[in-house]
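Within every chain, numbering begins at 1; the chains are lettered A, B, ... in the order of the sequence lines, protein sequences first and strands thereafter. All values derive from a computational prediction rather than experimental measurement.
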There are 2 protein chains.
Amino acid sequence: MPESDPRLQRFADFLARSGLKTTRQRERIVRAFFAAGRHLSAEELYHRIQTQDPGIGLVTVYRTLKLLRRAGLATGRQFGDTYTRFDPNPADWPHDHLICKRCGKIQEFEDAGLHSLREKVARRLGFTVTEHKLELYGFCRDCARLGTGRAARGRSAARTA
Amino acid sequence: MPESDPRLQRFADFLARSGLKTTRQRERIVRAFFAAGRHLSAEELYHRIQTQDPGIGLVTVYRTLKLLRRAGLATGRQFGDTYTRFDPNPADWPHDHLICKRCGKIQEFEDAGLHSLREKVARRLGFTVTEHKLELYGFCRDCARLGTGRAARGRSAARTA
DNA sequence: TCAGAAATTGACAGTCATTTTCAATATGGA
DNA sequence: TCCATATTGAAAATGACTGTCAATTTCTGA
Ligand SMILES: [Mn+2]
Ligand SMILES: [Mn+2]
Ligand SMILES: [Zn+2]
Ligand SMILES: [Zn+2]
């Protein structure tokens with residue numbers, strides 16, 4: 001029962017520190033966002049909230065996600081889609097993503113060797129790196145197995161992470 | 001005098017092979033695109049052409065860039081901006097990018113070690129990678145030098161590559 | 001050379017995700 | 001409690017594209 005997510009407190013602190021107000025809408029939105037624990041789009045988050053509090057507008061979801069970004073509690077990410085997905089990990093955890101093109105699973109990972117090699121390559125070219133973005137697209141274990149042999153059966157692509 | 005870019009021929013071949021037609025507009029557009037040799041947006045390419053042939057519409061630029069993609073002669077890329085940039089490198093050269101946040105320079109590079117390490121990390125997680133995207137953001141040598149000490153002076157950010 | 005089917009073009013309207021505007025409402029410190 | 005401010009939601013605006021369509025161009029094959 002993870003009732004007290006420390007991120008909720010951090011967000012409250014951010015609001016107070018910034019002279020902003022705590023509202024019923026913001027409460028609901030950030031709760032639903034962290035509870036989901038996946039890379040959601042604004043629209044997806046909006047729908048989840050709708051089922052419980054139909055009074056909250058999509059605009060407010062967008063605005064609250066922007067605040068979460070400013071607070072360092074979310075990151076906007078552009079995977080293959082036409083829309084932005086929001087990453088509920090603290091901005092100071094620079095990780096990478098593996099995206100399955102069949103089932104939509106998004107797996108996060110961190111690799112020190114990869115990180116340092118990246119730095120080295122950049123330095124050799126005279127660059128000082130402050131941020132990076134690495135996305136690997138392909139097939140997860142399950143989907144790769146299906147793909148082997150005949151054409152894959154289940155064509156669904158429900159994002160899973 | 002690089003008057004005969006082999007890519008122009010490849011595009012002509014692609015059109016013929018696909019039952020499509022060679023037009024004045026397409027000629028101008030692909031010429032300007034390859035001549036620029038940078039990661040241009042459709043709008044940027046459009047403006048370059050405007051100065052020489054005001055009769056060509058932005059729509060046609062978009063359509064021709066789509067054809068170049070189908071021909072494997074360009075790749076759409078999403079760097080930090082809100083719009084797509086087009087990469088004039090053959091689609092079968094999978095390279096990465098270093099982007100300077102100050103002057104906008106985009107430097108391309110390829111590193112075999114980085115590539116194989118990426119594969120290894122993905123395999124360890126059960127993924128089969130088919131495509132990847134790596135972008136390193138930071139400061140190029142010149143801009144890093146300016147930044148050292150006082151706050152950087154020249155604030156321009158004209159994309160250079 | 002030339003007709004005519006098929007492809008192409010450009011203006012304009014439409015789409016889609018996200019942002020801005022603005023009048024009505026809620027919040028929290030004094 | 002009061003009330004200056006912050007916030008909200010609806011609707012309109014934005015920006016980067018894509019679809020529609022009538023007019024024009026290309027190119028094949030007689
Ligand atoms: Mn993530
Ligand atoms: Mn490139
Ligand atoms: Zn999968
Ligand atoms: Zn620079």
Can you tell me the distance, in whole Å, between the [atom1] atom of [X] and the [atom2] atom of [N]?
X       : N      : atom1 : atom2 : answer
B:Tyr83 : D:dG15 : OH    : P     : 13 Å
A:Leu45 : C:dT18 : CG    : C1'   : 15 Å
A:Arg77 : C:dT18 : CZ    : C1'   : 19 Å
B:Ile56 : C:dG10 : CD1   : P     : 7 Å
A:Ile49 : D:dT8  : CD1   : P     : 12 Å
B:Asp53 : C:dT9  : CG    : C1'   : 13 Å
B:Asp81 : D:dC17 : CG    : C1'   : 15 Å
B:Arg24 : C:dT9  : CZ    : C1'   : 10 Å

Lys/Arg N to Asp/Glu carboxylate O, A:Asp13 vs A:Arg10, below 4.0 Å: no
Under-4.0 Å salt bridge between A:Glu135 and A:Arg77: no
Aromatic plane relationship, A:His39 with A:Phe79 - under 30° parallel, 30 to 60° tilted, over 60° perpendicular: perpendicular
Near-strand residues of residues 60-76 of chain A, defined as heavy-atom separation under 4.0 angstrom from DNA chain D: A:Thr60, A:Arg63
B:Arg24, B:Arg31, B:Gln25 screened by side chain to side chain contact (heavy atoms under 4.5 Å, CB included) with B:Arg28, the one that passes: B:Arg24
Rounded to 10 degrees, the angle between the two terminal axes of the helix from C:dT1-D:dA30 to C:dA30-D:dT1, each from five pairs: 20°
B:Tyr62 OH to B:Ser41 OG distance, which is reported to the nearest 0.5 Å: 7.0 Å
Gap separating the CG atom of A:Leu136 from the CG atom of A:Asp96, nearest 0.5 angstrom: 7.5 Å
Least distance between heavy atoms, A:Phe109 atom then B:Val121 atom: CE1-CG1, 3.6 Å
Minimum heavy-atom distance between A:Lys105 and A:Cys140, given as atom pair plus value: CE-CB, 3.7 Å
A:Lys21 (side chain) and C:dA26 (base): donor-acceptor pair under 3.5 Å: no
Side-chain N or O of [X] less than 4.0 angstrom from OP1 or OP2 on [N]?
X       : N      : result
B:Ser41 : D:dA16 : no
A:Thr84 : C:dA17 : no
B:Gln25 : C:dG10 : yes

Which nucleotide in C:dT20, D:dT7, D:dA16 has an atom nearest any side-chain atom of B:Thr82: D:dA16
Contact nearer the 5' end of DNA chain D, comparing B:Phe86 with A:Arg26: A:Arg26
Pair A:His132-A:Arg118, side-chain donor/acceptor within less than 3.5 Å: yes
